[in-house]
Amino acid sequence: MEKIPILRMGRFLLVTIQVDLYDRLAENLESDLVHMVRKTGARGVLIDISAVSIIDSFMGRILGNIAMMTKVLDAETVVVGMQPAVAITLIELGLPLKGVHSALNVERGMELLRSKIALQDGESQDDDIYHSIE
Amino acid sequence: MKNESIKVFQRKKKNILELWMTNQLADQGLREDLMSNEDLRAQSEELVSAFIDTLDDVTINDGRATAFEKVLDILSGISISRAKQGYSPRETGIFVLSLKDALQQVLRDEIKDVAVLYDQSQKISKIIDSFSIETFETFIKGREEVILRQTDEISEISTPVIRVWDNIVALPIIGTLDSARTQVVMESLLQEIVETGSNIAILDISGVPTVDSLVAQHLIKTVSATRLMGAECIISGIRPEIAQTVVHLGIDLTNIITKSTLASALKAAFAMQQLEVVKRQRQNNMVVNN
């Protein structure tokens, strides 16, 4: 059975969706990802959908779910590389993907994740310490 | 037995054409600037001969007969080309209706019996009337084609995406926003965001005459789509009247960054990018120069 790989990169998890998602695959991705976040204690999840040309309402909901679930586990989700046609479709379907952060490409997505986490850590830790770790 | 008037018309074909031409040329509204007299004569001759050739005992009673197809083809061709050349409907109407005068004039000269004359001219009148209706229909169709083409052109040229700074694009919207245009605007904006890798888009609506709930809906859609792509969208150029309408209609724009002018939107965009525009100080320059 096909499986979408989840890569670990420091404190983040990286998911690149290279195939068109069918419902079963998406559901598996959802549960795998949540387990992985729990296991690794990741602080951010980055989902690259630049190769996805079709997103239906089910997929939109799965993405929203992933964002909300990881949020509960104290990790932020960023969706990157959405194609214009996909964005238009989601809007026309009335799914603005609340709770999901988006960025134009992986680089920007990483930046966004870092800044989000820095912001959260800044509340509890000393900012300088964080920067020295970086 | 062949119909009286058909015989007359076939015999007097030349006469009819001459009379028709005289009628047309005598008209005040003749547009010599749009078509030369020779072209007009050629058009008229083609139409007259097609018409007289088609006339027979059956067709003379029915102006909508399928046998007139050829005549109608010629007529619609003339009508459409006239619509595109910028003739007024009146001028095109006179073109067809003056043929009726010519035909009736010939009939009057040839048929002496008043009852027959009345009967025949009634029939001719009906046929020409149905022709003129057809002409108007195609004339309007021709005009509509022109309008449609212009609409397409306007929607194509009116959505330029401007790159104002690194990672900042702007899109001035001019004219009314309907669903079709929103689609074009959205597509070109999102495409440009992808191509330039910009993360801030400014939608300037100073050129939008009115904002009703539908237009606002379209704007909100565009903003949401840009956000989904991972870029922030600022709406600028909101005039006081538009602000008033938006509030009166109860449209919620609080989730969208709105600015009154493009300048303030740009300033906000700079702030988001952590850029700052500063005035160069004279003294510093002098120090450097020294």
Side-chain angles (χ1 to χ4, degrees), chain A residues 12 14-17 44-57 59-64 66-67 76-116 118-119, chain B residues 159 161 163 165-169 171 177-201 203 213-233 235 251-257 269 271-275:
Chain A
F12 306 134
L14 193 64
V15 181
T16 308
I17 301 173
V45 176
L46 191 135
I47 306 174
D48 172 31
I49 56 165
S50 53
V52 178
S53 52
I54 300 165
I55 285 191
D56 57 7
S57 53
M59 258 310 295
R61 222 187 63 209
I62 292 274
L63 284 178
I66 290 175
E76 298 282 343
T77 298
V78 174
V79 170
V80 303
M82 188 183 291
Q83 289 186 13
V86 172
I88 293 172
T89 315
L90 283 177
I91 292 304
E92 294 296 338
L93 286 172
L95 289 167
L97 295 189
K98 287 230 157 64
V100 180
H101 304 294
S102 25
L104 279 174
N105 47 39
V106 179
E107 209 181 330
R108 293 260 174 81
M110 281 290 176
E111 230 167 74
L112 184 66
L113 274 180
R114 277 197 199 105
S115 68
K116 289 254 177 241
L119 213 67
Chain B
T159 50
V161 185
R163 208 170 150 183
W165 205 261
D166 286 345
N167 298 334
I168 302 173
V169 289
L171 193 149
L177 260 185
D178 54 15
S179 339
R181 272 200 73 199
T182 313
Q183 195 75 17
V184 178
V185 166
M186 224 196 268
E187 269 168 29
S188 50
L189 182 63
L190 298 191
Q191 200 55 50
E192 194 65 20
I193 286 175
V194 171
E195 273 164 26
T196 59
S198 307
N199 52 9
I200 294 171
L203 268 183
S213 42
L214 204 66
V215 173
Q217 190 63 40
H218 291 321
L219 284 175
I220 291 170
K221 266 187 187 172
T222 314
V223 173
S224 315
T226 32
R227 283 208 181 135
L228 268 184
M229 300 276 306
E232 191 51 71
C233 194
I235 295 183
I251 300 162
D252 185 19
L253 291 180
T254 44
N255 293 325
I256 298 173
I257 309 170
M272 280 184 211
Q273 305 259 35
Q274 274 116 40
L275 291 170

Measuring from atom CD1 of B/I193 to atom CE of A/M82, what distance do you get when rounded to the nearest 0.5 angstrom? 12.5 Å
Let's go through B/K221 and A/E92 carefully: what are the C-alpha distance in whole Å and the side-chain angles of both, what is the deciding distance for side-chain contact (heavy atoms from CB on, under 4.5 Å) to 0.1 Å, and is it a yes or a no? CA-CA 8 Å; B/K221 266 187 187 172; A/E92 294 296 338; 3.1 Å; yes
Matching residue for A/I88 among B/L228, B/T222, B/L190 - test: side-chain contact (heavy atoms from CB on, under 4.5 Å): B/L190
With a 4.5 angstrom heavy-atom cut-off, is it the side chain or the backbone of A/L95 that approaches chain B, or both, or neither? backbone
Please state whether the side chain, the backbone, both or neither of B/N167 comes within less than 4.5 Å of a heavy atom of chain A. side chain
Contact summary for A/A87 and B/A225, nearest pair of heavy atoms: CB-O, 3.8 Å
Take A/H101 and B/R227 through the side-chain contact (heavy atoms from CB on, under 4.5 Å) test and state the conclusion after the steps. CA-CA 8 Å; A/H101 304 294; B/R227 283 208 181 135; over 6 Å; no
Measuring from B/S224:OG to A/L97:CG, what's the distance to the nearest 0.5 Å? 10.5 Å
Side-chain touch A/P84/B/M229, heavy atoms, less than 4.5 angstrom: yes
